[in-house]
There are 2 protein chains.
Amino acid sequence: MTETEIAPLLRFFKALAHESRLRLLGFLAQRARTVQELASLLGLTEPTTSHHLGLLREAGLVTLRVEGNLHWYNFEPSELAPLAKSVLSRQNVAHWAAQARAEKPDRQIQNYLESDGRLRLIPASRKKRYPVLVWLAAHFDLDRRYREAEVNQILQTRYWDSATLRRELVGYRMLTREKGIYWRLPEEEWLTSEPLTR
Amino acid sequence: MTETEIAPLLRFFKALAHESRLRLLGFLAQRARTVQELASLLGLTEPTTSHHLGLLREAGLVTLRVEGNLHWYNFEPSELAPLAKSVLSRQNVAHWAAQARAEKPDRQIQNYLESDGRLRLIPASRKKRYPVLVWLAAHFDLDRRYREAEVNQILQTRYWDSATLRRELVGYRMLTREKGIYWRLPEEEWLTSEPLTR
DNA sequence: AAGCTAATTAGACACGTATCTAATTAGATG
DNA sequence: CATCTAATTAGATACGTGTCTAATTAGCTT
């Protein structure tokens, strides 16, 4: 579960997300060049060119060698190129989601979760099932009303059998329902012992 | 000499050059999701989310499966992922320079050019040297003045011995000089026979 | 030191695009 | 058919950034 920092990645892609900079890299990949030369090749002014080169440098795509008055830029991706190569695998991309408003699951229920955060199965014992339901209840806002379809959809992001989960949540009074509309109840209202399953 | 079209590449990088879209890919890499769900995960409105998903789709990074009212997006890079992986080699990047104001070299002088467009050597015979000089003359604008250092720098992008090239160009009256300032002459003024080398 | 050159930095402006609300489309439901 | 829901499209606004000119810095030359 690598904690991937997306900032450098973003810097990297932003650096490549402009035609002028792609063309700059193009010319630099041929040979090292000075700012003047690049500016005239691109048909831009030197300050503008300098600006782009700065971004490419921050992204680790080019290097700079100063030689008297001349600044020679060269295409020399630091360790980032392999990064870029490996970056698009499903596994890695999954980490970019990172700063989701993380209701981070309790350690107690880790054994029941897939690595993608979905529920592997509903624990059979009440003792283990309870924290799972607490975690699921946190998926709902206190001050909001939900239609049954919405409840199901939210639960389905965690487990295929949303109906069972929904009934359990209502059973423990974590959710309640009236005329087909559901809402979350505050913790004070929750039952902590086995509810009547009726 | 692959003619690389940079447009799709640009679309690709632009699609990845925004934090919301990186995070979208993050969530989609976990499992397929609907627009609603993604919007609430990102804390954005549905139209905005839809907008981002559109860009990701155009870039070939995600697919869409419509199921009744629901639109399920999924992380499924088309053939583009390998593209992205192979894209950063020096060789490939070099092609991005493409649409330089292309004074494309005459077929006659191809034998004297390296694959990177630099001059291998100055042809010894006048007959072969002449088209090379024509090509070099095209590197200068008609309505501009150049300092000698500028002339040298431009010529050095093509060959190490800029001094010889400069003298040749002046000899054929393709360039002329006065008080250290050079400029290009129109073709009518050029000499076509061997100039006096004085 | 004075002047010249290459490059960067500062500041202003313009263009692109991320975002929202409102309106529209298309599928499902009663 | 009328209504409801999910998604997209249209239109407006705001933020980010690409570009320019002007000013500044740093190195070389005389």
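Just so we're on the same page: letters track the sequence lines, and every chain starts at 1. Scope of the values below: all heavy atoms of this structure, side chains included, with no hydrogens, waters or symmetry mates.
- Going from atom CG of A:L22 over to atom P of D:dG18 covers 12 Å, rounded to whole Å.
- A salt bridge does not link B:R21 to B:E19: none of the charged nitrogens lies less than 4.0 Å from a carboxylate oxygen.
- Across all strands, A:H52 comes closer than 4.0 Å only to sugar-phosphate atoms, never to a base (heavy-atom distances).
- Salt-bridge formation is detected for the pair B:E67/B:R65: a Lys NZ or Arg NE/NH1/NH2 atom is positioned less than 4.0 Å from an Asp or Glu carboxylate oxygen.
- Between A:T45 and the phosphate of D:dT19, there is no side-chain N or O to OP1/OP2 separation shorter than 4.0 Å.
- Checking C:dT8, D:dG18, D:dT8 against the side-chain heavy atoms of A:S50 singles out C:dT8 as nearest.
- Minimum atom distance to the side chain of B:L70 is reached by D:dA6, of the listed C:dA7, C:dA18, D:dA6.
- Within the structure, every side-chain polar atom (N or O) of B:T49 is placed at least 4.0 Å from both OP1 and OP2 of C:dA18.
- Look at NE2 on B:H51: it is 18 Å from C1' on C:dA22, rounded to the nearest Å.
- Note on A:E46: a base of the nucleic acid sits closer than 4.0 angstrom, heavy atoms only.
- For the atom pair CG (A:L44) and OG (A:S50), the distance works out to 12.0 Å, reported to the nearest 0.5 Å.
- What separates CG of A:L44 from P of C:dC15 is a distance of 16 Å, to the nearest Å.
- A:H18 comes within 4.0 angstrom of sugar-phosphate atoms only, judged by non-hydrogen atoms across all strands, and of no base.
- For the pair A:L64 CG and D:dA26 C1', the computed distance is 14 Å after rounding to whole Å.
- Here the CG-OH distance, from A:L175 to A:Y182, works out to 8.5 Å after rounding to the nearest 0.5 Å.
- The separation between A:L53 atom CG and D:dT19 atom C1' is 15 Å, rounded to whole Å.
- Summarising the geometry, the separation between CD on A:E19 and P on C:dT17 is reported as 12 Å, rounded to the nearest angstrom.
- Nearest-nucleotide positions on DNA chain D place A:A17 closer to the 5' end than the other of A:G68 and A:A17.
- OP1 or OP2 of D:dT17 has at least one side-chain nitrogen or oxygen of A:K14 nearer than 4.0 Å.
- Where A:V35 and A:N69 each meet DNA chain C at their nearest nucleotide, the meeting point lying more 5' is that of A:N69.
- Proximity of A:Y73 to the phosphate of C:dA6: no side-chain N or O atom is located under 4.0 Å from OP1 or OP2.
- Checking the phosphate oxygens (OP1, OP2) of C:dT8, a side-chain nitrogen or oxygen of A:H71 falls inside 4.0 Å.
- In this structure, B:E67 atom CD and D:dT5 atom P are separated by 19 Å, rounded to whole Å.
- With A:L53 as the fixed residue, the side chain to side chain contact (heavy atoms under 4.5 Å, CB included) test singles out one of A:T48, A:L28, A:L61: A:L28.
- Atom CZ of A:F27 sits about 9.0 Å away from atom CD of A:E37, to the nearest 0.5 Å.
- If you measure from atom CG of A:L56 to atom C1' of C:dT8, you get 16 Å, rounded to the nearest angstrom.
- Among the protein residues, B:L55 comes within range of the sugar-phosphate backbone only, with heavy atoms under 4.0 Å from sugar or phosphate atoms but none that close to a base.
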